[in-house]
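As structure tokens, the structure follows; a few thoughts come after it.
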Amino acid sequence: MSKKVVVLQSNYIPWKGYFELIHEADVFCFYDEVQYTKNDWRNRNRILGPNGLFWITVPVEKDAVNGKISEALITNSSWQKKHFKTIEQTYSKSINKTDVLAMLEPIYMGKEWTSISQLNQHLIKTISEFMGISTEFKNSADFNLKGDRIDRLKNLINQLDGTEYISGPAAKNYLAENESFFAKDNIQLVYKEYGPYLSYDNKKKEFEDSVSILDLIMNVQKEDCLKYIKSQIK
């Protein structure tokens, strides 16, 4: 029986393509037992406001770059209320604001987060459930990770009983030359291509795909979200 697997680092309220990968997988495994990267999507994302694009960033300790994503600590909790208020104000005219804010409020206002990995994973799972995604989630921390970069990934996919590994396009450069290595374990590599995506009315002058998923779930009815995270046939 085939099983589609995605293994990916957690991001802060990621874009629609991230959730498309989750939706296409039978099992989605957070891969936060790898090096934390600075100025990346781990602790920040972009939002489209009335005056254009802007970043919202979770403050993470400077020495996070010396460890794994799962070890990266958030420096304080003052950002939580600010982010929630920013989201609330940015999407004040959006059709789905009441439902989305009700989902987000306990996360931002009801708990003090100290781990960026735990925050990201919780947000991603919660938003996935909100959109009706039923994919099974796993955490790489719960598995035996050993060997070099490729060995660790292949061994993890095997432990997840994966027969098909769906990868984002960025990993193609280093995975392509190792396809035979995966094939020995009957793992098929599939490279995801994103878009084009259906557009929607976001109540703003411009439209942008590469922003946080918040833009979509705020501006599209809950029951229609899944069709807007699906790449159209080119």
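What you see is a predicted model, and the numbers here were worked out from it, not measured in a lab.
- Atoms CD and OH, on Gln221 and Tyr200 in that order, are 13.5 Å from each other to the nearest 0.5 Å.
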Practice problem: Give the intermediate values and the outcome of side-chain hydrogen bond (donor to acceptor under 3.5 Å, both in side chains) for residues Ser78 and Asn76. | Solution: CA-CA 6 Å; Ser78 62; Asn76 61 70; 2.7 Å; yes

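- Residues Pro14 and Asn45 approach most closely at CA-ND2, 3.4 Å, considering heavy atoms.
- No side-chain heavy atom of Arg46 sits under 4.5 Å from any side-chain heavy atom of Ile56.
- For the pair Ser117 (side chain) and Asp32 (backbone), a donor-acceptor distance under 3.5 Å is absent.
- Counting heavy atoms from C-beta on, the side chains of Val60 and Leu73 never come closer than 4.5 Å.
- Heavy-atom minimum distance, Ser167 versus Leu175: OG-CD1, 3.6 Å.
- Summarising the geometry of His23 relative to Leu226, their closest heavy-atom pair is CE1-CD1, 4.1 Å, with the distance given to 0.1 Å.
- A continuous path of ILVMFWY side-chain contacts below 4.5 Å connects Ile87 to Ile124, so both sit in one hydrophobic cluster.
- Distance check: Ile69 CD1 to Asn43 CG gives 10.5 Å after rounding to the nearest 0.5 Å.
- A cation-pi geometry, defined here as NZ or CZ lying under 6.0 Å from the six-membered ring centre and within 45° of its normal, does not hold between Lys68 and Tyr36.
- Each of Tyr194, Trp41, Phe28 was compared with Tyr18 under the ring-ring contact (aromatic ring centres under 6.0 Å, His included) criterion, and only Phe28 meets it.
- Checked by atom type and distance alone, the side chain of Ser212 pairs as donor or acceptor with a backbone atom of Leu214 at under 3.5 Å.
- Nearest approach of Ile157 to Phe182, heavy atoms of both residues: CD1-CE2, 3.9 Å.
- Using a distance-only test at 3.5 Å, with no hydrogens or angles considered, a donor-acceptor pair links the side chain of Asp148 to the main chain of Asp151.
- A donor-acceptor contact shorter than 3.5 Å links the side chain of Lys97 to the backbone of Ser92.
- Linking ILVMFWY side-chain heavy atoms closer than 4.5 Å, directly or via other members, places Val100 and Val211 in two distinct hydrophobic clusters.
- In this structure a side-chain-to-backbone donor-acceptor pair under 3.5 Å is present from Gln35 to Val65.
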Practice problem: Give the C-alpha distance, both sets of side-chain angles, the deciding distance and a yes or no for side-chain contact (heavy atoms from CB on, under 4.5 Å) between Glu164 and Asp26. | Solution: CA-CA 10 Å; Glu164 182 178 321; Asp26 297 307; over 6 Å; no

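- Rounded to the nearest 0.5 Å, atoms CD1 (Ile22) and OG (Ser128) are 4.0 Å apart.
- When side chains are defined from C-beta on, Val7 counts as touching Leu156, because their heavy atoms get closer than 4.5 Å.
- Under the 4.5 Å side-chain contact rule for hydrophobic residues, Leu8 and Leu153 share a cluster.
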Quiz prompt | Chi angles and distances behind the side-chain contact (heavy atoms from CB on, under 4.5 Å) call for Phe84, Glu105 | solution = CA-CA 7 Å; Phe84 184 75; Glu105 186 171 13; 3.7 Å; yes

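- A single hydrophobic cluster is seen to contain both Leu101 and Met103, as judged by linkage of ILVMFWY side chains at heavy-atom distances under 4.5 Å, directly or through other members.
- Aromatic rings from Phe19 and Phe130 are positioned such that their centres are separated by 6.0 Å or more.
- Under a 4.0 Å N-O distance rule, the pair Asp224/Lys222 does not qualify as a salt bridge.
- For the atom pair OH (Tyr228) and CD1 (Ile217), the distance works out to 14.5 Å, reported to the nearest 0.5 Å.
- The structure places CG of Asn11 at 7.0 Å from CG of Asn120, a figure rounded to the nearest 0.5 Å.
- A salt bridge links Lys192 with Glu20: at least one charged nitrogen is closer than 4.0 Å to a carboxylate oxygen.
- Between His83 and Tyr12, the ring planes lie tilted relative to each other; the angle falls in the 30° to 60° range.
- Two residues are said to be in side-chain contact when any heavy atoms from C-beta on lie closer than 4.5 Å; Asn144 and Asn155 fail this criterion.
- A distance-only check finds no donor-acceptor pair linking the side chain of Asp40 to the backbone of Arg42 [under 3.5 Å].
- Inspection of the Ser140 and Glu33 side chains reveals no N or O donor paired with an N or O acceptor under 3.5 Å.
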Practice problem: Go through the steps for Ile47 and Leu53 under the test side-chain contact (heavy atoms from CB on, under 4.5 Å), then give the verdict. | Solution: CA-CA 6 Å; Ile47 286 182; Leu53 292 168; over 6 Å; no

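- Side-chain contact between Cys29 and Leu160 is present, with heavy atoms from C-beta onward closer than 4.5 Å.
- Hydrophobic clustering of Ile, Leu, Val, Met, Phe, Trp and Tyr side chains at less than 4.5 Å, counting indirect connections, unites Ile107 with Met109.
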Self-check item: Worked check of side-chain contact (heavy atoms from CB on, under 4.5 Å) between Tyr91 and Asn219
Solution: CA-CA 8 Å; Tyr91 295 105; Asn219 292 297; 4.1 Å; yes

Quiz item: Hey, mind stepping through Ser10 and Gln121 against side-chain hydrogen bond (donor to acceptor under 3.5 Å, both in side chains) and telling me if it holds?
Solution: CA-CA 6 Å; Ser10 69; Gln121 291 188 30; 5.1 Å; no

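- Using a 4.5 Å heavy-atom threshold, the side chains of Ile74 and Trp79 count as touching.
- Between Lys4 and Val27 the shortest side-chain heavy-atom distance does not fall below 4.5 Å.
- Taking the ring centre of Tyr191 as origin, the terminal cationic atom of Lys172 falls inside the region bounded by 6.0 Å and 45° from the ring axis.
- A cation-pi geometry, defined here as NZ or CZ lying under 6.0 Å from the six-membered ring centre and within 45° of its normal, holds between Lys154 and Phe181.
- Lys111 forms a cation-pi arrangement with Trp113, by the criterion of a distance under 6.0 Å to the ring centre and an angle within 45° of the ring axis.
- A pairwise comparison of heavy atoms in Pro106 and Ala102 identifies CD-O, 3.3 Å as the closest pair.
- Within the model, atoms NZ of Lys3 and OG1 of Thr163 stand 9.0 Å from one another, a figure rounded to the nearest 0.5 Å.
- When all heavy atoms are compared, the tightest approach of Glu112 to Ser77 is CG-CB, 3.5 Å.
- Residues Ile150 and Tyr174 have side chains in contact (heavy-atom distance under 4.5 Å, counting atoms from C-beta outward).
- Ring geometry for Phe137 against Phe30 counts as parallel: the plane angle stays under 30°, on a 0 to 90° scale with 60° as the upper cut.
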